[in-house]
Amino acid sequence: MTTNLPIVDIRNLVFSYGGTEVLHSISFSLGKGEIIGLLGPNGAGKSTTIKIIAGILSQTSGHVSVCGLSLPESATTVKERIGYVPEAAGLFESLSGQEFLELSGRLHDVEEETLQARIKGVLERFDLTKDRLRRLEAYSKGMRQKILIGAALLHNPQLILLDEPLTGLDVDAQILVKDLIAALAKDGKTILYSSHILEVVERVCDRVLIINKGDLIADASVPELRQKTQQGNLEDVFRQLTHKQGSTPDTDMSGIIEKLRS
Amino acid sequence: MSNHFDRFKTAIESRLRGPAFSGVLQRLNIDPKRYWLLMDLFHKLSTREEMQGQLGRQTRILRFSAIFSAAMSGVAALVFILIQGTPLALASVSLGLTIFTLVAVLLSEAANSLVNPDEALALAHQPINGATYTGAKLSHLLNIVLHYVLGWNLLPALATPLLKDGRWFHPALHLLVAFTLGLVLALFCCSIFGLVMRVVPARRMKSAAQFIQAIPGVLIAFVQFSPRGTVKRLFGVVLTVYAPLENVPKWLLGFVLATVAIAITVVGIRSLSGDYLIRVSSMVHGRANAATRVRRSLLGEIIRKAFGGQAGRAGFDYVKRMMLRDWQFRRQLLGILPMIFFMALGVVSAGMASPFSSGFTSSHFVPHLLGFILTIVCAALPYGTDYKGVWLFLLASDRALARFAQGIHASLWLAFTIIPNLLLFPLFAWRWGIADAATFAMYSAAASSVYLAVGLSWIEGIPFGKQLGPRQIQGNQGFARMIVFIIVSLVAVGLQYLLFRNVLAVWIATPLIALAAVALTRKSLHAFHAAMVYQLGLTTQTSTLIYKEVGAETLD
């Protein structure tokens with residue numbers, strides 16, 4: 001499935017914000033048809049990395065290229081080739097689901113006939129056909145998330161960036177999205193999947209990148225990571241890697257319960 | 001002076017936070033502890049200039065308004081001293097101005113504060129009862145009353161002893177009446193929304209509130225711009241209807257009216273405070289169940305081909321839909337729409353003689369009235385309720401944004417230049433003949449296109465992609481632009497009058513103006529595109545929405 005041509009190539013990426021270095025010289029690459037999990041604790045720099053790849057933020061230093069195009073110089077062309085599902089994104093709520101998808105597809109210059117066919121397909125697959133003319137303000141969290149995922153796919157991107165895509169989705173929809181991710185990868189799309197739901201990452205992703213406090217601390221497949229860390233599952237691997245050597249995560253909740261009682 | 005005022009306010013506040021006032025609050029079913037927590041929260045929001053630009057939250061703007069009204073009322077007081085008018089006459093002027101300002105401002109502020117309460121949505125799950133929340137909200141709105149009442153009445157009140165028949169106690173009496181009046185008006189304005197909430201379904205409250213807000217504007221515009229004699233005739237009808245009441249003693253009539261007003265206010269406030277926080281969610285989400293229609297129009301295809309492809313069509317549809325649906329945009333235009341409507345009515349009812357006739361006619365104003373509407377719309381366009389959706393445009397390429405701008409231009413051009421002129425054409429043709437009407441319509445379309453080109457460069461970013469903040473409300477820049485607009489358009493009307501004395505001159509001038517419009521539009525589209533890119537750049541660098549992870553750590 002994986003080829004040698006990297007779709008995303010990142011070398012010594014540094015990003016600073018307001019004098020604070022957020023990403024410290026990280027390097028990795030993503031191949032065609034790969035599904036890569038991007039993990040890390042809150043504030044580790046996952047979303048920042050995704051936004052740099054999406055051409056939304058520009059790096060302080062280092063080399064970033066997507067589909068062979070350097071960023072930020074070729075941001076315009078790169079944006080035409082990526083699909084991005086942001087975490088907790090706002091929507092123009094007075095537009096209907098159909099109108100939002102049309103807006104997104106047209107901004108990516110998808111031909112009208114193709115666009116309408118794709119919208120129809122997305123709405124049918126996500127079971128939103130009967131709600132397509134309702135305004136987004138009437139949509140549930142899960143329905144909005146489906147619209148966001150649909151909008152990211154309409155222009156048939158080569159690289160799909162998913163930031164917590166399962167947020168708000170019910171079990172059926174989660175299964176649907178997981179199957180969709182697998183199908184997209186089979187179709188040659190590269191998927192960078194950021195999530196805190198480690199079970200899904202473990203099951204879906206070919207490879208996992210773990211970022212902690214701006215450093216890339218792991219880049220390997222799940223079995224390799226398990227073997228290296230001598231842990232049974234990804235959750236334990238994650239815990240071991242994202243905590244200082246020798247210290248164990250505090251799982252004792254009696255302290256906080258006592259404080260809440262007082 | 002500001003420090004003295006703050007110290008005075010702090011002293012009063014510390015008294016109010018004491019046990020005596022807490023007892024009063026508790027009797028009104030208001031939880032004192034949570035009441036003061038909310039008051040502090042609202043104060044913090046106003047100090048940080050967050051949320052929407054409500055006067056009740058913007059101390060700086062309120063003080064500016066108070067100083068402005070104080071200056072105006074000071075001049076009035078001086079004139080009254082010079083002409084030795086009576087205290088009653090001066091009081092009538094200053095109280096009249098107070099009522100006029102407060103009704104206009106309070107209706108709008110109460111509507112935005114009560115019907116579009118973002119912070120109430122955030123607090124809806126907290127253990128705060130409706131009475132406590134409404135009490136805090138009303139107290140905060142009283143800030144407006146305090147500033148406007150003092151602004152319009154302090155100097156006139158102090159001047160009363162210097163007037164004819166002025167007595168030493170008149171200042172205190174004047175201020176007491178002014179504050180009472182302000183308080184009653186504030187409660188009355190809020191109570192209207194309380195009553196409307198009982199009658200109108202929560203999801204339609206936003207539309208209802210906009211209608212209520214528009215009432216003062218409609219009345220003012222009606223009085224100013226309606227055809228001559230209409231107001232007089234209407235008064236005549238009202239007087240005829242109420243003629244039988246002439247025999248009723250005035251004190252009885254006053255008593256009945258006061259009782260009805262108090263009853264309405266009490267019922268309204270009670271309705272408002274009952275289950276306000278439970279209704280908030282439905283109100284904020286407005287017409288959530290309203291369905292849209294799918295239109296596969298030929299127009300869309302034409303726009304795609306003529307104005308920048310699919311991205312152009314995106315801009316065309318986006319602006320067209322959002323202009324009709326966005327609450328914040330509609331709210332911005334509310335104050336001006338009745339005026340425009342009645343100005344148009346005034347132009348039409350003034351005879352609409354042919355502009356090619358030798359005299360000056362009202363039809364000369366048509367292209368400039370369209371220009372006026374366009375500039376207002378362009379100035380309001382960047383601000384919207386769902387501004388957080390702007391991230392979508394971060395994913396659009398630069399090329400797409402440039403075409404998107406073309407689509408927006410097409411939408412505005414069609415809606416405010418082509419369609420109005422086409423609609424007016426049959427009327428013109430009927431009055432002046434087809435040849436004159438066609439010449440004028442083409443001239444008018446060309447001239448209003450110039451205004452659109454200028455207006456485009458005023459759109460400071462992605463339409464509906466910014467939060468309407470206090471700086472925009474303050475609108476100093478907008479005011480200056482409006483003054484310049486009025487001067488330029490009056491000069492243009494004058495030149496146009498001279499031009500229309502010769503048909504040949506109009507035939508030559510029209511294509512030249514159209515060419516100027518095309519050149520200006522090209523330039524403005526670049527500026528508009530640059531403004532969108534700039535805004536998106538700012539959004540990625542500063543917004544905690546887009547830049548959540550680091551923003552949360554470093555911006556706080």
Side-chain angles (χ1 to χ4, degrees), chain A residues 15-20 22 42-48 51 54-58 75-80 82-84 86-100 102-112 115-116 131-139 148 151-152 155, chain B residues 203 284-294 296 300-301 304 309-318 321-322 324-327 384-401 403-404 407 464-465 536 539-541 545-555:
Chain A
F15 182 78
S16 302
Y17 186 80
T20 312
V22 183
N42 289 331
K46 301 185 299 294
S47 296
T48 305
K51 281 165 197 160
I56 295 173
L57 290 174
S58 52
T76 289
T77 321
V78 166
K79 284 175 182 180
E80 287 167 358
I82 58 156
Y84 174 42
E87 186 193 1
L91 295 168
F92 291 109
E93 300 202 346
S94 44
L95 296 180
S96 68
Q98 168 97 22
E99 288 166 351
F100 185 82
E102 281 177 352
L103 174 66
S104 180
R106 285 171 185 163
L107 279 174
H108 283 95
D109 219 11
V110 183
E111 275 305 317
E112 192 61 22
L115 177 65
Q116 291 305 332
D131 296 305
R132 73 190 198 286
L133 301 181
R134 284 171 73 198
R135 291 188 188 180
L136 289 170
E137 61 196 2
Y139 278 32
L148 281 172
H155 54 290
Chain B
R203 66 192 167 83
V284 168
H285 291 139
R287 298 186 61 196
N289 291 322
T292 56
R293 277 179 291 173
V294 180
R296 299 273 162 268
E301 216 27 49
R304 186 181 70 76
Q310 283 290 79
R313 186 172 180 175
F316 180 83
D317 282 340
Y318 170 72
R321 287 166 181 156
M322 295 294 281
L324 292 170
R325 299 178 197 166
D326 188 84
W327 150 267
T385 312
D386 300 322
Y387 62 92
K388 285 182 182 172
V390 79
W391 67 267
L392 182 70
F393 298 97
L394 287 169
L395 309 178
S397 64
D398 246 20
R399 276 192 296 272
L401 281 178
R403 292 170 186 169
F404 185 74
F464 311 99
L536 291 174
T539 308
T540 54
Q541 295 306 316
L545 159 82
I546 302 295
Y547 199 73
K548 210 167 133 190
E549 283 185 66
V550 181
E553 287 168 11
T554 54
L555 290 182

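In what follows, chains carry the letters A, B, and so on, assigned in the order in which the sequence lines appear, proteins first and then strands, with residues in each chain numbered from 1. Below, each value reflects all heavy atoms present in this structure, side chains not excepted, and no hydrogens, waters or symmetry copies.
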Heavy-atom proximity to chain A below 4.5 Å, by part of D398(B): both

In terms of heavy-atom pairs under 4.5 Å with chain B, the winner among G105(A), P86(A), G55(A), A151(A) is P86(A)

Please identify, among T77(A), L115(A), V110(A), L148(A), the residue contributing the most non-hydrogen atom pairs under 4.5 Å to chain B. V110(A)

Hey, what's the ring geometry for H108(A) with H155(A), parallel, tilted or perpendicular (30° and 60° as the breaks)? parallel

So that I can tick it off, tell me whether D317(B) and R106(A) are bridged by a salt bridge, with the cut-off set at under 4.0 angstrom between side-chain N and carboxylate O. yes

In terms of ring plane angle, is the pair F404(B) and F393(B) parallel, tilted or perpendicular, where the classes change at 30° and 60°? tilted

Evaluate the ring-ring contact (aromatic ring centres under 6.0 Å, His included) criterion for residues Y139(A) and F100(A): first the C-alpha distance (whole Å), next the side-chain angles of each, then the deciding distance (0.1 Å), finally the verdict. CA-CA 12 Å; Y139(A) 278 32; F100(A) 185 82; 9.8 Å; no

